[in-house]
Amino acid sequence: MSPILDLISLRRGSIAVRLAVSAFLSSSAILLIAAWILTTLYRENTERAFDSRLLVFTNNLATDLVTPNDPESRTFSLGDPRFDLPLSGWYWQVSKPDAKPRDIRTSRSLVGVPLPPATDSDGKVGIGQIRQGYGRGQDGRLLRIMERDVDLGEEGRYTVRVAGPADEIVNDVDRFRNALYLTFALLGASLALTTLLQIRFGLAPLKKMRAALGAVRRGEADHITGTYPRDIAPLTGEVNLLIDTNREILERARTQVGNLAHALKTPLSIIVNEVGSADAPEDLSNKIREQAAVMRDQVNYHLDRARAAALAGTLGTSTEIEPALAGLVRTFGKIYRDKDIAYEVHVPAGLRFRGERQDFEEMVGNLVDNASKWAHGRVAIRAEAVATGDYPHLVVAIEDDGPGLPADARAAALARGRRLDESKPGSGLGLSIVADLAALYRGRFSLEQAALGGLRAVLEVPGDAPAGAPGH
């Protein structure tokens with residue numbers, strides 16, 4: 001993929017985009033300012049060169065003017081045929097400041113209308129001083145005009161004016177500007193390409209670190225590995241230390257949960273055994289056994305929830321769901337063999353759950369168990385990876401062809417301990433366990449109407465798409 005396509009695919013706010021935008025804005029500003037300065041300097045140089053030509057003609061006329069001759073018999077000749085062509089744009093004029101039109105000497109090219117002054121004189125201009133400026137000819141053409149005053153003593157003061165077409169200056173400057181813009185455009189494109197290559201090369205270690213973190217997150221590696229520049233090498237060390245610390249904390253929590261489980265389950269077992277061997281009334285014994293069973297279920301529920309809470313944040317733990325689902329389907333197929341349920345499983349190969357296998361089997365097992373209880377003969381299980389945010393999520397949908405639930409009863413079914421039907425066996429904690437575990441993994445759990453006619457349970461938890469799939 002080219003660097004330009006890489007930049008287009010980058011999200012807003014990324015370091016690469018910010019670097020590229022800042023480089024583009026600064027480079028564009030520098031090139032535009034440089035183009036303006038160079039164009040201005042070139043215009044000034046072009047005007048000076050044009051003025052030098054006009055100055056030669058002006059001095060020649062001034063020389064002819066000061067040559068001792070009868071004013072009526074003076075001749076002015078510049079030797080340039082352009083001053084003889086009518087309205088050629090090249091004109092000269094010699095006259096006194098207050099001369100009448102018939103007393104003004106002009107070139108043959110200037111027909112009928114005298115030349116305008118080069119500047120608006122304020123009366124402070126010295127004799128012999130050169131003045132230049134712009135004016136309009138009789139045909140509306142823009143002219144570059146140069147003039148100077150010549151004092152002939154008793155004969156009086158004369159003004160010598162020479163004009164040339166300013167479009168020569170304008171055209172020359174336009175050609176330079178167009179060539180300059182083209183050159184700067186090519187230079188800007190080269191700078192942009194170079195900047196993108198630099199950004200891609202400079203940010204390559206961060207991309208490598210992101211891939212290494214992704215490998216840790218997916219359980220493919222225990223730590224960030226590889227060699228990194230010294231600017232970000234301390235960061236990799238700190239992240240690896242954080243991973244190790246996180247695992248140590250979770251391992252201690254897991255050990256404490258296990259110890260608590262043994263500490264609570266052993267006295268409950270003793271109570272149940274003692275009730276069975278004691279000479280207590282049968283009603284009392286049954287009641288104690290029933291309450292002890294409820295206590296055991298509640299202890300198991302909360303211990304499992306505590307264990308899952310400790311493991312849900314573990315980095316580098318993932319479970320391939322295809323073999324896990326296959327094992328669950330075999331198990332429940334045997335449990336409900338009398339119902340002869342047809343299980344339909346659609347799972348892409350390589351799809352993974354970012355978490356413990358035991359938690360995945362706990363969530364999906366409860367859902368498959370519930371669907372098998374109520375199904376008439378079909379249970380469909382479908383899993384897929386869905387891109388949400390920066391990372392893909394695993395969506396598992398389990399539906400059956402049973403009686404289903406009305407909309408107002410689905411929310412009540414998620415309440416902890418609420419039984420869907422007292423005629424079915426179970427503690428009533430199954431769906432609430434699924435909801436709690438999904439919440440611990442920052443996922444979601446919902447109940448919907450199934451296309452098969454029964455209930456559809458949808459579980460969304462962190463996952464990873466198969467290699468090569470979108471979002472991987």
Exercise. Look at the side chain of Lys339 and the backbone N and O of Ala375, then say whether any donor-acceptor pair between them is shorter than 3.5 Å.
Key: yes
Quiz prompt | NZ/NE/NH1/NH2 to OD/OE distance under 4.0 Å, Arg378 and Asp400 | solution = no
Self-check item: Neighbour count above 12 (heavy atom, 6.0 Å) for Asp340 CG
Solution: no
Practice problem: Using modelled atom types only, decide if a donor and an acceptor are shared between the side chain of Ser26 and the backbone of Ala23 within a distance under 3.5 Å. | Solution: yes
Quiz item: Taking all atoms of both residues into account, what is the closest heavy-atom pair of Ala385 and Leu351, and its distance?
Solution: CB-CD1, 3.6 Å
Practice problem: Run the salt-bridge test on Glu168 and Arg53 with the 4.0 Å N-O cut-off and return the result as yes or no. | Solution: yes
Exercise. Could you check whether the rings of Trp90 and Phe50 sit parallel, tilted or perpendicular, using 30° and 60° as the cut-offs?
Key: tilted
Quiz item: Got Val170 and Asp174 here, is their nearest side-chain heavy-atom distance under 4.5 Å?
Solution: yes
Exercise. Could you give me the CA-CA distance, side-chain angles and deciding distance for Arg48 and Glu44, then say whether side-chain contact (heavy atoms from CB on, under 4.5 Å) is met?
Key: CA-CA 6 Å; Arg48 280 196 295 267; Glu44 292 177 355; 4.0 Å; yes
Quiz item: For Glu47 and Tyr134, does a side-chain donor sit closer than 3.5 Å to a side-chain acceptor?
Solution: yes
Exercise. Spell out, as yes or no, whether a donor-acceptor pair under 3.5 Å connects the side chain of Thr236 to the backbone of Ala233.
Key: yes
Quiz prompt | Nearest non-hydrogen partners of Val396 and Ala383, listed with the distance | solution = CG2-CB, 4.1 Å
Exercise. Establish, for the pair Lys208 and Tyr228, whether the NZ or CZ atom is under 6.0 angstrom from the six-membered ring centre and no further than 45 degrees off its axis.
Key: yes
Quiz item: What heavy-atom pair brings Arg352 and Leu394 nearest, and what distance separates the two atoms?
Solution: O-CD2, 4.2 Å
Quiz item: Between Thr39 (side chain) and Arg177 (backbone), is there a donor-acceptor pair under 3.5 Å?
Solution: no
Quiz item: Would you find a donor on one side and an acceptor on the other, under 3.5 Å apart, between the side chain of Asn171 and the backbone of Asp167?
Solution: yes
Quiz item: Within the side chain of Gln449, is there an N or O that forms a donor-acceptor pair under 3.5 Å with the backbone of Gly453?
Solution: yes
Quiz item: Taking all non-hydrogen atoms of both residues, which atom of Arg82 and which atom of Ser88 are closest, and how far apart?
Solution: O-OG, 2.5 Å
Exercise. Flag yes if more than 12 heavy atoms outside Arg141 fall under 6.0 Å of its CZ atom; otherwise flag no.
Key: yes
